[in-house]
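Structure first, then comments.
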Amino acid sequence: MEEAGERSTSNQSTPTTSPTKLPRGNWVCAKPSTSQSVNLNEHITEKLEVLMNAYKNTKDQWRALGYRKAIGALKSHPRAVTTWEEASAIPGIGSRLADKIAEIVQSGHLRKIDHVCQGEEAKILDIFNNIWGVGPTVAQEFVQLGYKTLEDVRTKAKLNKQQQIGLSHYYDFLDRMPRDEAAEIGKLIEDATKEFNPNFVCTTCGSFRRGKKTCGDVDVLISHLDGHSHKGILFKLLEKLHST
DNA sequence: TGGCTGTACTG
DNA sequence: CAGTACA
DNA sequence: GCCA
């Protein structure tokens with residue numbers, strides 16, 4: 001799943017004082033997908049993302065947030081970063097991340113990843129955190145109870161409704177589809193919606209709208225120019241889709 | 001040193 | 001209402 | 001983690 005509030009920390013993004021004077025922030029979703037540029041620092045961000053995920057898994061949410069901002073800044077940086085100074089000059093990147101970035105640039109590796117991720121507990125936490133409805137807290141409780149596999153969770157854990165769904169569709173939810181397939185699904189939704197009223201407006205949002213190559217889900221916004229005709233459409237739409 | 005998004009669900 | 005997870 |  002994608003972040004609803006994915007910020008772009010690009011230092012060349014749309015100024016908040018755009019000609020329209022609207023207080024639009026620097027959001028990835030506020031940029032046209034056609035402006036999606038290549039990540040020139042992928043060799044760096046792919047490693048930082050591994051560490052960020054490990055920290056997120058262990059309830060260190062603020063550290064993970066710091067990593068997320070830094071990674072976003074690196075992704076939209078217009079050049080490949082090669083020096084510590086260049087890295088630390090980027091907003092959102094301080095001395096600690098600059099150290100790590102310099103290590104990656106020079107050695108091609110980040111030793112911290114091994115320290116943090118190679119342990120058995122970290123691997124188990126990652127498995128459990130990927131259950132939809134299970135976050136860092138519950139994942140750690142599972143580990144504390146001695147659970148090591150999804151089978152342990154299935155047979156021993158007490159799960160709420162969301163977590164039950166998450167476990168039963170574990171690999172489905174982990175799966176991603178090519179954006180073409182997301183487009184097809186969006187079209188299917190649009191066609192079904194317009195059978196009720198051709199004046200509905202359907203917009204596929206989320207990761208698809210942001211130009212991602214793959215999508216974990218399909219977000220469709222349904223609206224109507226008159227501002228009220230859309231009310232109650234969701235339930236009827238679901239009925240129609242289920243019946244076909 | 002403390003704040004860092006807003007919202008819904010669960011118990 | 002606090003804790004938790006999600007987007 | 002970063003930053004004010």
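These numbers were taken from a predicted model, which means no experiment stands behind them. Lettering follows sequence order; numbering is per chain, from 1.
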With P as the reference atom in both, quote the distance from dC2(D) to dT5(B) in angstrom, rounded to an integer.
16 Å

Which of dG1(D), dG11(B), dT4(C) is nearest the side chain of E141(A)? It is dT4(C)

Scan T83(A), L48(A), L110(A) and name whichever one has a side-chain contact (heavy atoms from CB on, under 4.5 Å) with I101(A).
L48(A)

Does W132(A) make a side-chain N or O approach to OP1 or OP2 of dC9(B) shorter than 4.0 Å?
no

Just call it for S88(A): base, sugar-phosphate, or nothing, with non-hydrogen atoms closer than 4.0 Å on any strand.
nothing

Cation-pi check, K148(A) to F142(A): give yes when NZ or CZ is under 6.0 Å from the six-membered ring centre and within 45° of the ring axis, no otherwise.
no

Give each protein N/O atom lying under 3.5 Å from an N/O atom of nucleotides 1-3 of chain B, with the pair distance.
none

Please determine, for the side chain of N160(A), which listed nucleotide (dT5(B), dC6(C), dT10(B)) has the closest atom?
dT10(B)

Side chain of R63(A) only, please: which of dG1(D), dT10(B), dA5(C) is the nearest?
dG1(D)

dA5(C) to dT1(B) separation - C1' atoms, rounded to the nearest Å:
28 Å

Base, sugar-phosphate alone, or nothing: which one does L65(A) contact when heavy atoms must sit under 4.0 Å apart?
base

Nearest listed nucleotide, side chain of T137(A), among dT4(C), dT5(B), dG11(B)
dT4(C)

From dT4(C), dT5(B), dT10(B), pick the nucleotide closest to the side chain of V138(A)?
dT4(C)

Can you pull out the residues from residues 98-109 of chain A that lie within a 4.0 Å heavy-atom distance of DNA chain C?
none

Side chains of T137(A) and K59(A): closer than 4.5 Å at any heavy-atom pair?
yes

Is it possible for you to check whether K156(A) lies under 6.0 Å from the centre of the six-membered ring of Y147(A), through NZ or CZ, and within 45° of that ring's axis?
no

